[in-house]
Amino acid sequence: MTRHPVQTVQGCRGPPQVGLRQTPYLTTAHRPDRLDRNPQVSDVSISFRDGNLIRFQDVAETLGSKKAQAAFRRGLNRVGDTARTHTIRAVAKQVGLTQTKVRRFGGIRTIRANNSNLTYTIRSTGRHISLREFSARQFSYGVKAKPWGNQRRFQGTFIFAGNHRSGQFVGGGHVFHRTTSASYPIKMMFGPAIPREIIKDESAKAFEDKSLDLPDRIAHEVRAITDGVVD
């Protein structure tokens, strides 16, 4: 059996490009008693573009364009899938919801890398989430809930009509507050919006940290495609 010498692809090491982007039209309202009625959209992405193009060209010259694209695509999608899992877990802890609710209310969508676009993107689309979803319970003084994972008292707010023990929802179990001293009008109360949360704090850090695994993963895919001839 002929043994081929191991070749090393120069320049395939280095940090990937990580993007955190939110649509520019969003308002800055962030209080649970205010509603941002516009759907919000945020992207977090890993890509090999611009400054990483040289690395891609080096690999392409050694492997050929199709094999190089396959290596980058597979590496991006594998690392991206892992980053998505860690990011959703971090978002859930950050906002005080289950991962199932994060996916539901955050409209989580994955746009995988392909040969024409070497970018892996997690897109979140959604509005501020009803305070009802954050373990809201009514007491004589108002409502207790846990938006952002922190238990808070919301004085003067209510879930039930009349007495707090009436059991008669004002509106589907949502939390409301009065805007004047009169009985009406009333407004629903809201907590965080997943598209806002996914691009900051621990959620953003989780995505960025896992993206650092990309160079090693690309090297692994190159070895797999070439049966270890290219390292």
Side-chain angles (χ1 to χ4, degrees), residues 1-24 39-92 99-100 102-104 106-126 194-195 197-200 202-231:
M1 180 179 67
T2 302
R3 297 183 62 85
H4 298 281
V6 174
Q7 304 176 50
T8 301
V9 178
Q10 298 297 324
C12 67
R13 305 287 179 175
Q17 291 184 315
V18 179
L20 305 174
R21 182 178 62 83
Q22 189 175 44
T23 50
Q40 305 180 25
V41 181
S42 294
D43 288 345
V44 289
S45 61
I46 314 173
S47 63
F48 264 66
R49 295 183 297 180
D50 301 331
N52 291 292
L53 184 59
I54 295 175
R55 299 184 182 101
F56 174 74
Q57 289 173 336
D58 288 342
V59 175
E61 288 174 3
T62 304
L63 301 184
S65 179
K66 289 185 178 180
K67 286 187 177 181
Q69 286 178 331
F72 274 78
R73 184 190 70 246
R74 292 176 188 177
L76 279 163
N77 287 331
R78 182 63 65 89
V79 171
D81 287 345
T82 302
R84 179 188 61 196
T85 298
H86 284 259
T87 300
I88 291 174
R89 186 180 300 155
V91 174
Q99 293 180 47
T100 298
V102 165
R103 292 186 180 93
R104 174 186 170 193
I108 303 297
R109 176 190 172 200
T110 300
I111 305 171
R112 298 173 68 79
N114 55 55
N115 288 344
S116 62
N117 183 21
L118 292 173
T119 301
Y120 183 102
T121 300
I122 303 170
R123 177 164 294 166
S124 175
T125 304
I194 302 303
E197 301 295 325
I198 202 170
I199 59 172
K200 67 178 187 178
E202 291 303 311
S203 302
K205 185 177 184 298
F207 187 84
E208 291 171 344
D209 286 350
K210 295 312 297 182
S211 74
L212 297 177
D213 295 340
L214 184 57
D216 287 341
R217 189 68 208 185
I218 294 291
H220 171 84
E221 297 296 341
V222 168
R223 288 193 297 270
I225 288 175
T226 62
D227 294 324
V229 174
V230 178
D231 190 8

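The model shown is predicted, which means the values in this text are computed figures rather than measured ones. Note: hydrogens, waters and symmetry copies are ignored here, and every other heavy atom, side chains too, is used.
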Original post:
Counting N and O atoms only, with roles assigned by atom type, does the side chain of T125 sit under 3.5 Å from a partner on the main chain of G107, one being a donor and the other an acceptor?
Top reply: no
Original post:
Charged N to carboxylate O under 4.0 angstrom, D213 versus R217?
Top reply: no
Subject >> Distance in Å, T87 OG1 paired with E197 CD, rounded so as to fall on 0.5 Å steps >> reply: 13.5 Å
Subject >> Non-neighbouring partners of T85 that pass side chain to side chain donor-acceptor pair (under 3.5 Å), sequence neighbours left out >> reply: none
Subject >> With R112 via side chain to side chain donor-acceptor pair (under 3.5 Å) - residues at least two apart >> reply: D81
Original post:
For P195, does its backbone N or O pair with a side-chain atom of S42 as donor and acceptor, under 3.5 Å?
Top reply: yes
Original post:
side-chain contact (heavy atoms from CB on, under 4.5 Å) with S203: which residues, sequence neighbours excluded?
Top reply: A90, V91, Q94
Original post:
For the residue pair A113 and N77, what are the closest heavy atoms and their distance?
Top reply: N-OD1, 2.8 Å
**OP:** Report the distance from atom CG of D209 to atom CD of E202, rounding to the nearest 0.5 Å.
**Re:** 8.5 Å
Subject >> Contact check, side chains of N117 and I111, non-hydrogen atoms, under 4.5 Å >> reply: no
Subject >> Contacts of R89 that satisfy salt bridge (charged side-chain N to carboxylate O under 4.0 Å, His left out) - sequence neighbours left out >> reply: none
**OP:** Could you pull out all residues at least two apart from R74 that satisfy side chain to side chain donor-acceptor pair (under 3.5 Å)?
**Re:** none
Original post:
What residues form a side chain to side chain donor-acceptor pair (under 3.5 Å) with R103, not counting sequence neighbours?
Top reply: none
Original post:
Nearest heavy-atom pair of R73 and N115: which atoms, and what distance?
Top reply: NH1-OD1, 2.7 Å
Original post:
What's the shortest heavy-atom distance between R84 and T110, and which atoms?
Top reply: NH1-OG1, 3.0 Å
Original post:
If you take all heavy atoms of S45 and T121, which pair is closest and at what distance?
Top reply: CB-OG1, 3.4 Å
Original post:
Any side-chain heavy-atom pair from I46 and F207 closer than 4.5 angstrom?
Top reply: yes
**OP:** Mind listing the closest non-hydrogen atom pair of E221 and G75 along with its distance?
**Re:** CG-N, 3.7 Å
Original post:
When rounded to the nearest 0.5 angstrom, what distance separates CD1 in I198 from CD in Q40?
Top reply: 12.5 Å
Original post:
For V222 and A71, which heavy atoms make the closest approach, and how far apart are they?
Top reply: CG2-CB, 3.9 Å
Subject >> Flag side-chain contact, heavy atom, 4.5 Å: L76 against L214 >> reply: yes
